[in-house]
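Just so you know, these numbers come straight off a predicted model, no measurement behind them.
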Amino acid sequence: MDIEPRRPPKILRESPIWTRLGLTAPDPRLRARAADRLAEYLTAELARPDAPDIRQLSLPIQ
């Protein structure tokens, strides 16, 4: 799977805010939960295919 370099930062910016804030929390359990949730979110978003380029011509499959 090829990942466009601009995609992970965009996904991280769009991740739930509590996960990003939770990474800096003083409570180690909250940090761990936030890191786990952020990893789940990132993995799920990377598994989702990119939107197709509307400028790309689609060819019929024969």
Margin query: So, taking the atom named CG in L38 and the one named CZ in R33, what distance separates them when rounded to the nearest 0.5 Å?
Written below: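 Reported to 0.5 Å precision, the distance equals 13.5 Å.
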
Next item on the list: Please round to the nearest 0.5 Å and tell me the distance separating atom CD of E14 and atom CZ of R20.
Entry: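 Spacing of CD (E14) from CZ (R20) equals 9.5 Å.
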
Notebook entry, point to check: For the residue pair P16 and T19, what are the closest heavy atoms and their distance?
Noted result: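 Heavy-atom minimum between the residues: O-OG1, 2.5 Å.
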
Checklist line | Closest non-hydrogen atom pair between T43 and A39, with its separation | finding: OG1-O, 2.8 Å

Check: Is there a path from W18 to L23 through hydrophobic residues (I, L, V, M, F, W, Y) whose side chains come within less than 4.5 Å of each other?
Finding: no

Check: Taking the side chain as C-beta and beyond, is there a heavy-atom pair between R7 and K10 under 4.5 Å?
Finding: no

